[in-house]
Amino acid sequence: MTRQAAVESSSSWRLSDRLGLAFSWFLGLFFCVICAAVVIYLLVQGVRYLSPDLLWTNPKVGFTQNETGGFLAPLLGTLFVTSIAMALATPVGVGVAVWLSEYGRPRALARVVESTVEMFAGAPSIVLALFGLILFRASFLGFLTEKTGGVVYGKGFFPAGAMLSLLALPLVVTSVREGLQAVPNHVREASYALGKTRIATIRRVLLPAVRPDIITGSMIGAGHAIGDTAIIVFLLGDTYVLQGVGNVPVLGTLRGTGSTLTSYVFDNAPTGDLNQPNKAFAAALVLLVMVLVINVFVDIFGRKARELKWT
Amino acid sequence: MALEDALLPLNEDDGLSQDQRAELWLGALVCAVIVLLLAMVVFIVAEAWPSFAHNGLHWFGSGGNVDQQIEAIFNSSNHLHQAVYTFHAWPLIWSTILTTLGASGLAFICSLFISIFLVEFAPVPVQRVLEPVVRLLASVPSVIYGLIGVLVVVPFIDTHLVTHGENASVEPVISLTGGSLLAAVVILTVMIAPIMISIFADGLRAVPRSWIEGSLALGVNRWRTFWNVAVLSARPALVAGVVLATARGLGESVMLSMVSGSIGFAPNPVDGLIFFFEPSRGLAATILHNTEQLSSPPMEHTLFAIAAVLLFSSLMLSLIGWATKRPMSRYFLIGGVSR
Amino acid sequence: MDLTLEPPPVRQLEAGATLTVRPGRGNASIHRLEGLAPETTFEHGGHHTVVPTLERMRVERLSIHYGQKQAVSSVSLPVRQGEVLGLIGPSGCGKTTLLRSLNRLTELTKSASISGRITLDGVDITGLEPTALRRRVTMVFQQPNPFPMSIFDNVAYVLREQARRKPRKPTLAPLVEEALSRAGLLEEVKDNLNHPALRLSGGQQQRLCIARALAANPEVLLLDEPCSALDPQSTKVIEDLIVKLREEVAVVIVTHNLQQAHRVADHVAFMYLGELVEYAPTRALFAAPREQRTKEYVGGAFG
């Protein structure tokens, strides 16, 4: 008689081993429960208070939660500031990763660069926020924000976006660097053998090959940028509505102030200035959905890209 | 463009200098990044210096009510020639130590068991659920954790865990309203555990199968094999995970400012169970709490001083992580080549 | 194929030589001898040793499938202490699968299904707990795989796992040294027991793996092409070691090197495409193979 090969059961283990396994099960399921609870709670509360008009009306001054309008401006603010952050972080991140992976001379410099990226990764976002504050108050950078009577304001979309890009930078660098290291050397050698320069190889062969990693790295970085509050609170200025500076359309908004979904939730939480929990829930739901969508996208995209790799 | 690529560089020098130019540009880019980091450290320390200079080592000590000191510092900006800098940050430091170490310790235990479970012992359907769950928990913005903390966890502690008797006993000093050490540690644990889990799991998955098979073939059961061999081999990953997660917990400002109670109070372990319900405020949360007061120069220097302490703490953490990995590497030589 | 048990080889004693009788290692008492001569006599290094020939394991009509593919078909073999059983055959003939079924490592592959019976000292091994079985039937792999610990900790690994309470180092030290000496490694490492095991050379690492396997005091030692990753010198050292070990444990060795099988094995089983083609004492199989396929393989036609 043919039987399925018997698998080691845990019944032969010592009691302490079995307790350990049971504890693992418990913890694993507990975390699933917490996650479900968080998502469901936000879903329930958010859907209760989220009405479509919240998405396209701006915050207004008012006394009750019905009068204070929606969060269109914060929503646009989130999108805008994240775009700035990724527009800065992606090219710089790719450049740093390429240098580390393909050049990297002298070796001491490479190690310093690696440590630098690691330190940016470990730096608390509030420290980055304060750094941004000093940086953008310097008068030579005054053109980036409002300047009234010789005093540079130092806050605005660009400063916030710039500091957020520092937050996202290590993530892009790590992702692209791993991708580049995964490319087998014979690909590079084949390109050199055809007479291509190193930079041409990078541009024509390597970068297209790691495009999935660039995208996933950027998406993960964007997710972190969307979720950050500390930098926004310090650097975006305190206006709830987008307030541009000057007459040039996009540049005006860049130099201007506003808010994002994260600062909106922060202000509307019971601990914040406005204390409108219902609005906070609605905005939090929208925020969570954005982050979820990015997560799912990274998952699916990452899986598909891995299937097409160097197998 | 196509033509340029099709032609081999006729002049050897041209091809080389193209590469050299590219290397120079990229080198300039990475140097700019390094300069940015140095600028950050220098600027922050420079702005922080007045606060340290005025307080000396007492900056880190205790003495007086730290909230009142902050008040005084802010108000003193009106008399700039008599600026007050007195600041004894111990309650804030103690709160940061308690929350960070508490959450890291708790998260380490949970993450170790969960990652072992995830990599080796979970049935496939459970794995397929648990992995996205961990990733999702890692990407939830901290302000949302704060919101849920304030609306669910804090009231829960207030109504169900804190008794009237306990409240009365500490009445003169502070009031227990639910914003507490317990809330902070629990939520921070949930925030940083996913970071540890994914790094631990990666490390465990990278353990060579030959070691695991070798241990099984010697008659050691799967659970003990995994703990003895895999966890042992994955120690560098464990260190990396702990360092990264602790750095994250150290710098957390938003969530903590919402749930840990907003009083500069140093929780006292001697108080017994009440210790867990006592409010406090960490270093990062204090900076966030006083954003509006930044216009006052002495206040600004004080806040930058706090930021400097945070910055150096996270730098120290990375250093500790790097230092603990070195002695471990001698056990991981394979064929003389370090892994 | 029908199992006919050949009498074990008896080597001639020289006149005037002394006989020493040593009991075999392991915990089982002598079971079925089935018409075998109760002892095997060995000569080496000038003196002679006589050991009881114990049949440790018996494989009866074993068939193993991986999904649809049949890896082993209806193989029957004895595994005896006091002799080395060599499994030879071309790649993919099932010899490694057969070896791994002896300590139920085949169970690690989900798609494996098994029919037939394997017994250890008369007891069906599926009735034993896998961990208990694997302490009595240990295995050394093709690639040396010492753990990332010190030499001492590697050898003491199983000893620490087996004990109820963690034994202290002084208790373990003599056992570790004994295992290392049985594996012929003690002299080379006895001053460096706390050094990382991964710093040893390939041959030393493999002997360490053997010592680690022997520390459990097994009854059967399985060797899966143990020398294929090593240089000729280390190979010779290990082959000598195997020949010495067979007095104490039953040894089964899988090898693709026919010369090695000739040097080391007492009985050889030739497998082809999952079938046991021929099983005979070494000299008989190599000098006068009965089956045509054996003749072709041993003559070097394939494999």
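Naming convention: chains lettered A, B, ... in sequence-line order (proteins, then strands); numbering from 1 in each chain. Small disclaimer: the values here were computed from a predicted structure and weren't measured. What you see below is based on every heavy atom in this structure, not just the backbone, and it leaves out hydrogens, waters and symmetry mates.
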Side chain, backbone, both or neither: which part of [X] has an atom under 4.5 Å from a heavy atom of chain A?
{"X": "Arg135(B)", "answer": "both"}
{"X": "Leu288(B)", "answer": "both"}
{"X": "Ile287(B)", "answer": "both"}
{"X": "Glu300(B)", "answer": "side chain"}
{"X": "Leu136(B)", "answer": "both"}
{"X": "Leu118(B)", "answer": "neither"}
{"X": "Glu23(B)", "answer": "both"}
{"X": "Ala39(B)", "answer": "both"}
{"X": "Ile144(B)", "answer": "side chain"}
{"X": "Val33(B)", "answer": "both"}
{"X": "Val259(B)", "answer": "neither"}
{"X": "Leu38(B)", "answer": "neither"}

Sort out for me which of [options] touches chain B most, counting heavy-atom pairs under 4.5 Å.
{"options": "Gly227(A), Gly272(A), Ser115(A)", "value": "Gly227(A)"}
{"options": "Thr262(A), Asp299(A), Val112(A)", "value": "Asp299(A)"}
{"options": "Ala121(A), Ala284(A), Gly223(A)", "value": "Ala284(A)"}
{"options": "Cys35(A), Ala123(A), Ala129(A)", "value": "Cys35(A)"}
{"options": "Pro270(A), Gly104(A), Ser125(A)", "value": "Pro270(A)"}

Name of the residue among Phe121(B), Trp223(B), Phe113(B) meeting ring-ring contact (aromatic ring centres under 6.0 Å, His included) with Phe23(A): Phe113(B)
Can you find a pair of side-chain heavy atoms, one from [X] and one from [Y], that are under 4.5 Å apart?
{"X": "Tyr41(A)", "Y": "Ile148(B)", "value": "yes"}
{"X": "Ile114(B)", "Y": "Phe30(A)", "value": "no"}
{"X": "Ser314(B)", "Y": "Pro124(A)", "value": "yes"}
{"X": "Ile34(B)", "Y": "Leu109(A)", "value": "yes"}
{"X": "Val233(A)", "Y": "Val254(B)", "value": "no"}

So which part of [X] gets closer than 4.5 Å to some heavy atom of chain B, the side chain, the backbone, both or neither?
{"X": "Phe31(A)", "result": "both"}
{"X": "Asn268(A)", "result": "neither"}
{"X": "Asp17(A)", "result": "both"}
{"X": "Ile202(A)", "result": "neither"}
{"X": "Val39(A)", "result": "side chain"}
{"X": "Leu166(A)", "result": "side chain"}
{"X": "Leu133(A)", "result": "side chain"}

Say you draw a straight line from [atom1] of [X] to [atom2] of [Y]; how long is it, rounded to the nearest 0.5 Å?
{"X": "Met255(B)", "Y": "Thr229(A)", "atom1": "CE", "atom2": "OG1", "result": "11.5 Å"}
{"X": "Leu128(A)", "Y": "Ile44(B)", "atom1": "CG", "atom2": "CD1", "result": "8.0 Å"}
{"X": "Leu319(B)", "Y": "Met119(A)", "atom1": "CG", "atom2": "CE", "result": "8.0 Å"}
{"X": "Asp228(A)", "Y": "Ser253(B)", "atom1": "CG", "atom2": "OG", "result": "8.0 Å"}
{"X": "Ile34(A)", "Y": "Ile187(B)", "atom1": "CD1", "atom2": "CD1", "result": "10.0 Å"}

From CA spacing to verdict: side-chain contact (heavy atoms from CB on, under 4.5 Å), Leu26(B), Tyr103(A): CA-CA 9 Å; Leu26(B) 286 176; Tyr103(A) 295 93; 3.6 Å; yes
Quick check: closest heavy atoms across [X] and [Y], and the distance to 0.1 Å?
{"X": "Leu130(A)", "Y": "Leu303(B)", "answer": "CD1-O, 4.0 Å"}
{"X": "Leu151(B)", "Y": "Phe281(A)", "answer": "CD1-CZ, 3.3 Å"}
{"X": "Pro141(B)", "Y": "Val291(A)", "answer": "CG-CG2, 4.0 Å"}
{"X": "Leu27(A)", "Y": "Cys110(B)", "answer": "CD1-CA, 3.7 Å"}
{"X": "Leu130(B)", "Y": "Gly28(A)", "answer": "CD1-O, 3.6 Å"}
{"X": "Cys32(A)", "Y": "Val133(B)", "answer": "CA-CG1, 4.0 Å"}

Best-contacting candidate, Ala247(B), Ser139(B), Ala307(B), Ser115(B), against chain A by heavy atom pairs under 4.5 angstrom: Ser139(B)
Asp19(B) side chain vs Arg198(A) backbone, donor-acceptor pair below 3.5 Å: yes
Ring geometry between Phe43(B) and Phe131(A) (parallel below 30°, tilted from 30 to 60°, perpendicular above 60°): tilted
From CA spacing to verdict: side-chain contact (heavy atoms from CB on, under 4.5 Å), Ile116(B), Ser24(A): CA-CA 8 Å; Ile116(B) 292 180; Ser24(A) 301; 5.6 Å; no
